[in-house]
Amino acid sequence: MHVSPRVRPESEGREAGAPGSGVPESAGQAGVRTSVPRNPAGRGTGLLRWPAGIAVVFAAVQLCFVVPGSGLSWDETVYVSQVGGNAPPAFFSAPRARGITYLVAPVAAFTDSTTMLRIYLALLSAAGLFAALWIWRKVLPPPVLVGAGALFAGLWPTLFYGPAAMPNLWCALGALAATGWVVRALRDGTGGAEARGAGAAVALVALMRPADGFWLALPAALVAVALPGRRRPGLCAAVLAGLVAGCAPWAAEAYAHYGGVAARLHRAGEIQGGLGWNIAVDDHLRALAGRTLCRPCDIGWESPATTLWWAALPLLTAGGVVVARRAGRGAAALAAVVVGVSTALPYLFLVGYAAPRFLLPAYALLAVPAAECVTHIVTRARRARRPAGLALLALTLTAHLTVQLLVLSHVIRTSHATASDFAAVARALNRAGVRPPCVVSGEQAVPVAYYAGCVSRQTSGHDASTTPASLRAAARDVPTAVLVLEGDGPPAEGLRSVPLPTGRGVAALRGYLLP
């Protein structure tokens with residue numbers, strides 16, 4: 001008997017590296033240093049009121065629209081099952097890191113309620129957004145600070161993954177926080193608390209996704225030692241220490257189960273389909289229409305309107321850097337651009353498929369110069385008393401937000417349907433006698449096993465963790481089911497067939513019980 005799953009989940013990690021540099025604004029003339037104003041936004045509770053408002057709205061949208069009725073996706077069942085939840089731990093493949101598992105442990109270890117987990121993550125992500133914006137409060141004036149938060153929080157991937165047990169949004173918040181600390185350290189020259197903050201933020205990102213931590217830490221560390229007149233070796237050391245600390249659990253697990261870091265990196269690359277020169281820009285554009293995973297991304301342009309904001313983003317970013325430089329904030333804007341581009345490079349040019357969540361760190365950082373540009377346009381229009389210009393800008397932003405919410409609604413419906421299908425198949429297996437303790441193998445085995453309360457085991461493929469002989473041996477002690485696509489033959493002769501419900505989000509399946 002040989003069971004080979006044909007449907008791959010959204011795989012989580014990958015390791016890649018290349019240098020990048022975040023270069024703050026330099027002096028206009030040789031030997032002359034210009035600095036960002038130390039506190040252009042002022043102090044006090046008034047400054048924090050608007051970022052707090054953004055965070056509250058961010059949490060409210062998640063709690064009202066994303067959380068109700070949601071179930072766990074394929075990857076989420078893997079992460080949550082490691083610390084409790086509804087089933088034994090699923091196989092943890094080479095690319096994955098355990099950061100998100102640590103994050104969900106306080107809730108998942110005590111309850112298998114998906115709703116409670118979603119509420120916890122929604123509130124935590126809103127607090128994380130506020131904290132990341134708070135770090136920038138001494139660098140950006142309130143309108144830019146609020147604009148950056150609103151532009152990032154208004155994207156459908158940000159809203160959808162806010163309450164999700166997935167690492168990408170936390171990489172984005174960590175990248176935004178780390179860059180803010182770096183800018184403050186380069187500007188103030190003190191480097192103590194700022195360096196420690198930058199190191200902690202990099203450690204958070206590396207704990208979630210080691211590759212993302214690398215692409216974040218490299219430009220931050222380089223600029224800390226390469227910028228004439230602003231060299232901060234302590235900042236560089238703190239950033240690199242954060243990277244090492246965040247990657248330590250992944251590296252320790254590599255030596256324990258894979259024979260070392262190099263072997264695990266090689267296996268992770270195999271699971272990702274091989275890393276190399278792959279232009280995936282067009283794949284990411286197509287995925288913006290509501291594809292949480294586009295692999296292979298051989299679909300047509302389902303909704304070109306969902307990609308228009310991508311065309312505007314480079315223009316807003318470039319304009320924002322110019323505006324910020326004139327206002328004495330060029331260092332902050334340029335650092336955000338350089339680090340943001342660095343985090344996007346591997347996903348745009350080294351990976352042969354797309355998922356909108358991969359670019360969340362870049363979106364969070366590019367929102368800073370984009371907000372500079374939008375704020376400048378609004379200010380100029382108001383001073384020139386051009387209501388038509390203000391109306392046009394308001395209409396454009398409203399249309400953008402409307403498109404994001406429409407796509408979010410589509411993604412929510414699709415994800416709910418998929419989770420409902422997994423649960424329905426699991427209930428059918430339970431009725432057929434496959435109840436805990438039990439084993440599920442084959443197509444869609446990972447999420448179905450989680451919903452059924454079983455352990456998932458595969459005999460081949462990326463998640464291979466057992467052999468056909470071991471699977472047959474397990475069937476002597478616990479109920480064991482093998483799932484195949486409807487229309488395919490049984491994995492072996494003489495097996496009892498279990499009809500399974502057909503849903504909208506998952507291909508039709510048929511179950512077979514091993515004797």
Is any side-chain heavy atom of [X] less than 4.5 Å from a side-chain heavy atom of [Y]?
X      : Y      : answer
Trp50  : Leu145 : no
His462 : Ser93  : no
Pro141 : Arg329 : yes
His400 : Leu155 : yes
Tyr353 : Cys294 : no
Thr158 : Tyr363 : no
Phe152 : Leu133 : no
Leu405 : Thr402 : no

Distance, nearest 0.5 Å, that separates [atom1] of [X] from [atom2] of [Y]:
X      : Y      : atom1 : atom2 : value
Leu117 : Thr115 : CG    : OG1   : 9.5 Å
Ile377 : Leu316 : CD1   : CG    : 6.5 Å
Arg209 : Ile100 : CZ    : CD1   : 11.0 Å
Thr343 : Leu348 : OG1   : CG    : 9.0 Å
Phe160 : Thr414 : CZ    : OG1   : 8.5 Å
Arg291 : His284 : CZ    : NE2   : 14.5 Å

Exercise. Should the pair Arg118-Glu76 be classified as a salt bridge under the 4.0 Å nitrogen-to-oxygen rule?
Worked result: yes
Exercise. Can you list the steps and then say if Asp212 with Trp170 is a side-chain contact (heavy atoms from CB on, under 4.5 Å)?
Worked result: CA-CA 11 Å; Asp212 283 18; Trp170 295 98; over 6 Å; no
Look at the side chain of [X] and the backbone N and O of [Y], then say whether any donor-acceptor pair between them is shorter than 3.5 Å.
X      : Y      : value
Arg232 : Ala224 : no
Thr101 : Tyr79  : yes
Thr179 : Leu176 : no
Thr375 : Glu372 : no
Arg184 : Ile135 : yes
Arg137 : Trp134 : yes
Ser81  : Ala90  : yes
Tyr120 : Val107 : no
Thr396 : Leu392 : yes
Thr77  : Leu72  : no

Exercise. With sequence neighbours left out, what residues match Ala198 under side-chain contact (heavy atoms from CB on, under 4.5 Å)?
Worked result: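 Counting only residues at least two positions away or on another chain, Ala198 forms a side-chain contact (heavy atoms from CB on, under 4.5 Å) with Trp181, Val182, Leu235, Val239.
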For this session: Output, in order, the C-alpha distance, side-chain angles, deciding distance and verdict of side-chain contact (heavy atoms from CB on, under 4.5 Å) for Leu265 and Tyr258.
Result: CA-CA 9 Å; Leu265 288 174; Tyr258 292 90; over 6 Å; no
Exercise. Would you say the side chains of His266 and Glu270 form a donor-acceptor pair under 3.5 Å?
Worked result: yes
Exercise. Does the side chain of Asp283 come under 3.5 Å of the side chain of Tyr347 through a donor N or O and an acceptor N or O?
Worked result: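 Side chains of Asp283 and Tyr347: no pair found under 3.5 Å.
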Minimum heavy-atom separation for [X] to [Y], with atom names?
X      : Y      : answer
Trp156 : Ala287 : CZ2-O, 4.0 Å
Ala344 : Ala362 : CB-CB, 3.8 Å
Gly213 : Val205 : N-CG1, 3.6 Å
Val202 : Ala178 : CG2-CB, 4.1 Å
Leu401 : Gly154 : CD1-O, 4.0 Å
Leu207 : Pro249 : CD1-CG, 3.8 Å

Show which side-chain atoms of residues 52-66 pair as donor or acceptor with protein atoms under 3.5 Å away, not counting sequence neighbours.
| residue | atom | partner | partner atom | Å |
| --- | --- | --- | --- | --- |
| Gln62 | OE1 | Ser125 | OG | 3.4 |
| Gln62 | NE2 | Phe58 | O | 3.2 |
| Gln62 | NE2 | Ser125 | OG | 3.3 |

Problem set entry | salt bridge (charged side-chain N to carboxylate O under 4.0 Å, His left out) against Arg264, all qualifying residues, sequence neighbours excluded |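 In terms of salt bridge (charged side-chain N to carboxylate O under 4.0 Å, His left out), with neighbours along the sequence ignored, Arg264 is linked to Glu253.
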For this session: Test the Arg98-Phe92 pair against the cation-pi criterion, namely NZ or CZ under 6.0 angstrom from the six-membered ring centroid and within 45° of the ring axis.
Result: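 Satisfied, under 6.0 Å and within 45°.
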For this session: Any chance you could lay out the side-chain contact (heavy atoms from CB on, under 4.5 Å) test for Arg187 and Lys138, step after step, and finish with the verdict?
Result: CA-CA 10 Å; Arg187 180 204 62 188; Lys138 294 184 179 180; 3.9 Å; yes
Exercise. Can Val378 and Arg382 be said to form a side-chain contact (heavy atoms from CB on, under 4.5 Å), step by step?
Worked result: CA-CA 6 Å; Val378 172; Arg382 291 180 62 184; 3.9 Å; yes
